[in-house]
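For reference, the structure discussed in these notes is given below.
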Amino acid sequence: MADKTRILPENVPGKWYVDDSCTPCHVCLDEAPGLLKYNDDETYVYFYKQPETPEEEERAQAALDICPTAAIGNDNE
Ligand code: SF4
């Protein structure tokens, strides 16, 4: 489970985030390319946009579900 005390600082504010356990393996970018992207040196990914529509919520959830290190969370209320 992702840890909201370890949120990567680039994440835009909101309930969805990537924490510092991202490897990065890339697979979440295939699920939610409109929400997630690499940092400049491609050492991790982060949410550059929070989901705003039901479809975007589904994409974010798919990214969370597929993440092998459980780096994606949605409990940052
Ligand atoms: S799926 Fe998880 S470990 Fe892989 S790049 Fe995305 S957040 Fe990082």
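If you're wondering where the values come from, they're calculated on a predicted model, not measured in any experiment. In listed order, ligands and their atoms are each counted from 1.
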- Task: Using distance alone, with no hydrogens and no angle criterion, decide if Asn74 and Tyr17 have a side-chain donor and acceptor under 3.5 Å apart.
- Result: no
Report all side-chain donor-acceptor pairs from residues 61-71 shorter than 3.5 Å, counting only partners two or more places apart or in another chain.
residue, atom, partner, partner atom, Å
Gln61, NE2, Asp65, OD1, 2.9
Thr69, OG1, Ser21, O, 3.1

- Item | atom 6 (Fe) of ligand 1 - number of protein N/O/S atoms closer than 2.8 Å | 1
- Across all chains, not counting sequence neighbours, the side-chain hydrogen bond (donor to acceptor under 3.5 Å, both in side chains) partners of Thr43 are Asn39, Asp41
Would you list the atom pairs, donor with acceptor, under 3.5 Å between side chains in residues 5-12 and any protein atom, with sequence neighbours excluded?
residue, atom, partner, partner atom, Å
Thr5, OG1, Asp3, OD1, 2.7
Thr5, OG1, Asp3, OD2, 3.2
Arg6, NE, Asp20, OD1, 2.7
Arg6, NH2, Asp20, OD1, 2.7
Glu10, OE1, Tyr44, OH, 3.0
Glu10, OE2, Tyr44, OH, 2.5
Asn11, OD1, Val18, N, 3.1
Asn11, OD1, Phe47, N, 2.9
Asn11, ND2, Leu8, O, 2.7
Asn11, ND2, Val18, O, 3.0

- Task: For the pair Lys4 (side chain) and Asp75 (backbone), establish whether a donor and an acceptor sit closer than 3.5 Å, ignoring hydrogens and angles.
- Result: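 Judged by distance alone, yes, a pair lies under 3.5 Å.
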- Message: I'd like to check Lys49 versus Glu56 (side-chain heavy atoms, cut-off strictly below 4.5 Å). Are they in contact?
- Response: yes
